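In what follows, every heavy atom counts, from backbone to side chain, and hydrogens, waters and symmetry copies are set aside. Quantities reported herein were computed from a predicted structural model and do not represent experimental measurements.
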Amino acid sequence: MSLRLGYTAPNFDADTTNGPINFHDFIGESWCILFSHPEDYTPVCTTELGAFAKLEPEFAKRNVKLIGLSANTIESHGGWIKDIDEISGSKLKFPIIGDKERKVALMYDMIDHQDATNVNEKGIAFTIRSVFIIDPKKVIRTILSYPASTGRNTAEVLRIVDSLQTGDKHKVTTPINWLPGDDVIVHPSVKSPDAEKLFPRMTVVKPYLRFTPLPRDQTSAAV
């Protein structure tokens with residue numbers, strides 16, 4: 001069964017570079033970003049993991065845990081992490097799941113079904129670049145999929161977290177290209193006169209489109 005937004009993230013037990021975990025226990029009361037990589041010691045993946053490692057403090061400020069996955073062994077991951085830290089100047093601390101048998105990848109539908117070149121020496125498909133943003137209730141809030149040839153945008157992943165957390169707190173949604181500090185949209189579920197009380201600086205463009213200022217220091221980016 002394909003996973004969809006709003007589904008509970010499937011639980012699993014796995015070995016990682018930081019020791020064995022139960023996924024739901026690992027998440028605990030935090031948000032979580034689970035992201036997969038096609039294979040260890042590959043160029044695009046190496047740049048991505050270095051970027052995530054450098055941004056980990058920003059995610060941690062927002063109560064977000066990072067956990068990676070690659071279709072190789074824990075031993076392979078350990079050597080690769082040394083390369084990542086050397087190349088990027090990072091110090092990678094978050095766990096990376098060893099998923100050589102693709103058990104978690106199949107559970108989360110991370111397998112590449114289109115690119116016939118994204119396979120190992122036995123012809124088994126590698127994982128694509130999937131991203132799952134999961135909230136503290138273990139609900140999947142965002143799913144992103146990138147082809148193996150295209151590196152992810154870590155700033156966009158962080159922006160999505162800020163949008164979700166800010167929206168949950170303030171009953172707002174965020175317009176195109178929103179960044180913390182930009183105007184937001186009053187959620188359609190907030191009706192008058194409650195909307196006027198909650199958002200006294202609200203501007204009504206159309207009955208279904210109502211903007212209101214929200215300073216950066218009132219968003220999750222202000223941590």
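When atom types are taken as modelled, the side chain of Thr173 and the backbone of His187 share no donor-acceptor pair closer than 3.5 angstrom. The backbone N or O of Asn11 sits nowhere less than 3.5 Å from a side-chain atom of Asn22 that would complete a donor-acceptor pair. Checked by atom type and distance alone, the side chain of Arg4 never pairs as donor or acceptor with a backbone atom of Ile140 at under 3.5 Å. A donor-acceptor distance shorter than 3.5 angstrom exists from the side chain of Lys65 to the backbone of Phe26, with no hydrogens or angles considered. When atom types are taken as modelled, the side chain of His170 and the backbone of Val184 share no donor-acceptor pair closer than 3.5 angstrom. Side-chain atoms of Asp15 do not come within 3.5 Å of backbone N or O of Thr73 as any donor-acceptor pair. Side-chain atoms of Thr154 do not come within 3.5 Å of backbone N or O of Phe52 as any donor-acceptor pair. Although no hydrogens or angles enter the test, the distance criterion places no donor-acceptor pair under 3.5 Å between the side chain of Lys138 and the main chain of Pro10. In this structure, Glu58 contributes its side chain and Leu158 its backbone to no donor-acceptor pair below 3.5 Å.
Summarising the local packing, NZ of Lys171 is surrounded by 12 or fewer heavy atoms from other residues, nucleotides or ligands at distances under 6.0 Å.
Scanning both residues, Phe35 and Leu49, for their nearest heavy atoms gives CE1-CD2, 3.7 Å. Residue Pro38 comes nearest to Cys45 through the heavy atom pair CD-SG, 3.4 Å, listed as atom of the first residue, atom of the second, then distance. Of all non-hydrogen atoms in Pro180 and Arg216, the two that sit nearest each other are CB-NH1, 3.6 Å. Scanning both residues, Asp162 and Ser220, for their nearest heavy atoms gives OD1-OG, 2.6 Å. When all heavy atoms of His77 and Thr17 are compared, the closest pair comes out as CB-CG2, 3.4 Å. Listed here is the closest heavy atom pair of Leu69 and Ile96: N-CG2, 4.1 Å.
A cation-pi arrangement, defined by a distance under 6.0 Å to the six-membered ring centre and an angle within 45 degrees of its axis, is absent between Lys103 and Phe12.
By the rule that hydrophobic residues join a cluster once side-chain heavy atoms approach within less than 4.5 Å of another member, Ile143 and Tyr7 end up as members of one cluster. There is a path of hydrophobic side-chain contacts, each under 4.5 Å, that joins Leu92 to Val157. Hydrophobic clustering, with ILVMFWY side chains joined whenever heavy atoms are under 4.5 angstrom apart, keeps Ile74 apart from Tyr41. In terms of hydrophobic clustering, with Ile, Leu, Val, Met, Phe, Trp and Tyr side chains grouped at heavy-atom distances under 4.5 Å, Leu3 and Ile134 are assigned to a common cluster. Side-chain heavy atoms closer than 4.5 Å link hydrophobic residues (I, L, V, M, F, W, Y) into clusters, and following such links, possibly through other members, connects Ile27 to Leu5.
Salt-bridge formation is detected for the pair Arg141/Asp168: a Lys NZ or Arg NE/NH1/NH2 atom is positioned less than 4.0 Å from an Asp or Glu carboxylate oxygen. Comment: Lys82 does not engage Glu86 in a salt bridge, judged by the lack of any side-chain N to carboxylate O separation of less than 4.0 angstrom.
With respect to Trp80, the side-chain hydrogen bond (donor to acceptor under 3.5 Å, both in side chains) criterion is satisfied by exactly one of Asp40, Asp85, Thr46: Thr46.
Leu34 has its side chain within reach of Ile97: a pair of non-hydrogen atoms, C-beta onward, lies under 4.5 Å apart. A 4.5 Å side-chain heavy-atom check between Arg129 and Val44 finds at least one atom pair inside the cut-off. Taking the side chain as every heavy atom from C-beta outward, Met110 and Asp99 never approach each other to under 4.5 Å. With contacts defined as side-chain heavy-atom distances shorter than 4.5 Å, the pair Ile33/Val161 qualifies. The shortest side-chain heavy-atom distance between Phe132 and Ile67 does not fall under the 4.5 Å cut-off. Proximity of Pro136 to Trp31: side-chain heavy atoms (C-beta onward) are separated by under 4.5 Å at one or more points. Looking only at side-chain heavy atoms (C-beta outward), Arg159 and Asn153 stay at 4.5 Å or farther from each other. Using a 4.5 Å heavy-atom threshold, the side chains of Asp135 and Leu164 count as separate.
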